[in-house]
There are 4 protein chains.
Amino acid sequence: MPLKLQTPLILVNFKTYLEATGGKAVELAKKAEKASRETGVQIGVAPQFTDIAAVAEATEIPVFAQHIDPIEPGSYTGHVSAEAVKEAGAVGTIINHSERQLRLFEVDAAIKIARNKGLISVVCANNQNISGAVAALNPDVVAVEPPELIGTGIPVSKAEPEIVRATVGLVRRVNPKVVILCGAGISHGDDVAAALKLGTQGVLVASAVVKAKDQYRVLLEFAEKARV
Amino acid sequence: MPLKLQTPLILVNFKTYLEATGGKAVELAKKAEKASRETGVQIGVAPQFTDIAAVAEATEIPVFAQHIDPIEPGSYTGHVSAEAVKEAGAVGTIINHSERQLRLFEVDAAIKIARNKGLISVVCANNQNISGAVAALNPDVVAVEPPELIGTGIPVSKAEPEIVRATVGLVRRVNPKVVILCGAGISHGDDVAAALKLGTQGVLVASAVVKAKDQYRVLLEFAEKARV
Amino acid sequence: MPLKLQTPLILVNFKTYLEATGGKAVELAKKAEKASRETGVQIGVAPQFTDIAAVAEATEIPVFAQHIDPIEPGSYTGHVSAEAVKEAGAVGTIINHSERQLRLFEVDAAIKIARNKGLISVVCANNQNISGAVAALNPDVVAVEPPELIGTGIPVSKAEPEIVRATVGLVRRVNPKVVILCGAGISHGDDVAAALKLGTQGVLVASAVVKAKDQYRVLLEFAEKARV
Amino acid sequence: MPLKLQTPLILVNFKTYLEATGGKAVELAKKAEKASRETGVQIGVAPQFTDIAAVAEATEIPVFAQHIDPIEPGSYTGHVSAEAVKEAGAVGTIINHSERQLRLFEVDAAIKIARNKGLISVVCANNQNISGAVAALNPDVVAVEPPELIGTGIPVSKAEPEIVRATVGLVRRVNPKVVILCGAGISHGDDVAAALKLGTQGVLVASAVVKAKDQYRVLLEFAEKARV
């Protein structure tokens with residue numbers, strides 16, 4: 001891993017939200033950097049491919065791609081290579097997000113290519129079995145998304161603790177070294193604290209930050225709760 | 001169409017070639033700009049997503065994305081929106097390249113989204129029937145790739161003229177206004193001249209330029225032959 | 001075309017409905033055969049792959065696959081070849097149904113493979129532009145599904161006649177010989193009559209027949225209205 | 001598991017080979033049944049979807065689908081439901097064959113649907129990491145395909161024993177109950193014996209049987225070597 005991945009980690013996924021596109025991506029990344037400095041908690045950002053270079057240029061926080069294709073450089077028009085996102089300044093990449101799911105062999109291949117190119121791999125897994133399977137593929141980070149927390153509106157801090165804990169325990173048994181993020185159910189600072197208390201080492205968030213009226217305030221609150 | 005698409009057009013697809021990634025993408029785009037100024041022939045470039053902003057910043061030639069996903073901004077992690085590539089400085093996008101083929105309804109949706117966002121759509125079609133079908137979807141540009149010219153090593157200048165002419169004729173009948181590029185079989189300056197003589201209004205090229213020892217020289221030769 | 005495709009044609013898509021799986025697929029096909037004999041109107045059925053052989057064995061009406069993969073026989077585990085459905089007794093196949101959409105080049109390839117193997121190709125198109133594009137690919141039949149009629153609950157008989165007529169007109173201009181079915185908005189016998197009056201030569205139906213309390217009665221009504 | 005899965009198991013994948021389509025699928029299955037009776041070794045067959053019913057009707061050996069889609073019955077034109085293959089007589093299904101690879105969440109969903117419908121799931125995994133990941137998803141059977149054996153022409157009996165043994169060991173640690181088949185490198189009877197000796201409980205074969213001049217003789221040889 002090229003970057004010493006400091007935990008706890010708050011990773012902010014910009015998706016393709018207009019509120020985090022182009023100039024606004026840079027602005028949001030700067031707010032993340034400020035909240036990170038203020039609190040000493042590591043905050044990473046995952047802007048769109050087109051914004052990676054500008055965000056990496058404008059800030060010193062870790063920048064992640066939202067996806068890479070499991071390809072080597074070459075004749076792959078319209079694809080995203082590990083080289084390209086690294087050259088643009090990314091230190092890692094999300095893989096297999098629930099909105100960009102890959103075939104099993106592609107998840108495996110993308111993890112390996114990320115490792116070879118010195119990119120941190122953050123692989124998403126949207127239930128307990130899949131979390132175990134992903135852990136077996138040896139990524140640097142697994143972002144677990146217990147389905148009880150996706151789309152139900154139940155935040156981690158209000159959920160049955162066992163839901164998250166069971167997933168964390170399974171991942172740990174399969175792969176003791178992998179970093180675990182909680183990838184769903186994070187709406188408030190209390191959820192960040194709850195996620196860490198349940199055994200994860202950070203959170204993967206998106207709309208709670210990007211769509212916030214005051215993005216900086218939310219980032220600061222999340223970081224402060226992660227520090228406790 | 002936001003840009004007055006000047007023809008003849010030479011569009012250079014950078015694919016994910018290492019020779020056209022990051023700093024090298026900007027260098028190649030500057031060579032294209034220089035060859036364009038030298039000859040007065042329009043040369044466009046299609047770098048990787050991560051390089052669009054830097055290329056658009058460094059040059060004044062038209063920049064194209066290699067692909068867009070047929071999505072609106074929102075919860076589409078790892079996707080490429082028309083907004084993102086436009087905000088980064090692209091004036092258009094390739095769609096349905098043979099290395100990034102889309103489902104039929106996605107080709108249609110991507111063309112419409114490109115138009116709505118003011119992006120020029122360059123849709124690839126890798127045989128005669130598909131060229132006609134694509135023309136019926138009303139893109140701005142069709143890049144025809146007669147299969148007789150793909151991978152066979154036969155350049156346009158040596159091929160049966162009827163092969164290209166028949167495809168051009170079919171596209172014209174279906175859609176009299178669409179701009180037609182020849183998307184295969186272009187290795188030398190003579191092929192550019194031949195493609196234009198056979199009724200196309202430009203060429204889509206990749207390795208012949210990107211992999212050339214002297215990229216500028218090849219660009220200049222192509223542009224000079226396009227001017228004649 | 002191996003079968004003289006008699007029009008008007010009512011083509012019943014069994015989807016993966018339980019009401020039309022296994023033994024129930026054969027029962028439903030027999031009802032379709034009875035309604036066809038009763039009225040003289042051609043009724044075809046498109047059961048699941050696993051039921052094609054039994055349906056073709058038990059009835060004399062035309063049987064269609066719901067999909068074929070654009071492959072030749074060989075190392076394609078889990079795929080559906082034209083040979084396999086033909087050997088099982090199918091005379092044709094649906095291609096590119098909105099629930100099983102293909103990449104543009106696959107639609108083209110599947111149509112060609114169907115023709116080579118002597119299968120009638122029925123290609124679905126879910127808006128006007130796509131209908132024109134599909135017509136350019138020279139299938140035997142285009143099933144047009146104006147989006148104004150999909151999921152809106154508006155039946156053809158109540159829709160603006162221009163909606164369907166414009167699509168039919170476009171398809172005719174691109175391909176004067178292709179048979180046109182109306183693939184959406186058919187709930188009652190009046191819709192069958194309206195679809196034919198608007199220039200189509202038949203209908204593609206599914207739930208209105210399969211989910212009906214009295215499947216035979218609905219089939220009979222549709223066939224009678226098609227005869228008028 | 002509905003069927004008591006007897007091991008050792010020889011599972012013959014018919015792919016979409018012409019030599020195992022339609023009437024020839026039934027013939028081949030009968031040869032497998034005869035070899036199975038002769039030797040007492042369980043032989044299963046995986047014909048194309050269109051042939052499942054006829055093969056299940058004509059023989060008493062276990063019949064597998066080559067693939068199922070992770071869907072419930074309903075509006076899924078052109079898909080293959082667990083219900084459909086079960087109703088046709090299958091007792092199980094291959095999932096994620098290297099020629100029909102699924103997205104990670106689909107592999108998980110297909111295994112669960114298979115279990116719910118009483119179908120044995122045989123999930124393919126084409127390297128060691130993926131074998132571990134698949135084992136974590138709790139299928140009934142994992143068919144491991146060490147990449148050193150795919151396409152290299154090296155048969156199991158000639159390969160470094162450690163190649164297969166390491167994969168078997170990993171799968172066992174992740175999931176002690178799962179049945180393990182060797183899914184590559186089986187060309188001769190000696191390979192069957194070697195695969196079993198290395199810790200697998202059977203083999204998944206295709207061309208070595210289907211393309212054989214004398215299919216029955218090869219089946220008999222494989223079964224005899226499995227018995228030892």
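Computed from a prediction, not measured in an experiment: that's the story for all the values here. So that the names make sense, note that chain A is the first sequence line, chain B the second, and so on, each numbered from 1.
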Problem set entry | chain B interface, residue from C/Asn127, C/Val107, C/Asn96 that has the most non-hydrogen pairs under 4.5 Å |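 Of C/Asn127, C/Val107, C/Asn96, C/Asn127 has the most heavy-atom pairs under 4.5 Å with chain B.
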Taking all heavy atoms of [X] and all of [Y], pick out the closest pair and write down the distance.
{"X": "B/Gly132", "Y": "C/Ala136", "result": "C-CB, 3.9 Å"}
{"X": "C/Gln101", "Y": "B/Arg103", "result": "O-CD, 3.2 Å"}
{"X": "B/Ile130", "Y": "C/Phe105", "result": "CD1-CA, 3.7 Å"}

Which atoms of C/Leu137 come close to chain B, meaning under 4.5 Å heavy atom to heavy atom: side chain ones, backbone ones, both, or neither?
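Both parts, backbone and side chain.
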Rounded to the nearest 0.5 Å, the CG atom of C/Leu104 sits from the CG atom of B/Asn126 at a distance of 8.0 Å
Looking at [X], I want to see if its [atom1] is surrounded by more than 12 non-hydrogen atoms of other residues, nucleotides or ligands under 6.0 Å.
{"X": "B/Lys211", "atom1": "NZ", "answer": "yes"}
{"X": "C/Lys24", "atom1": "NZ", "answer": "no"}
{"X": "C/Glu72", "atom1": "CD", "answer": "yes"}

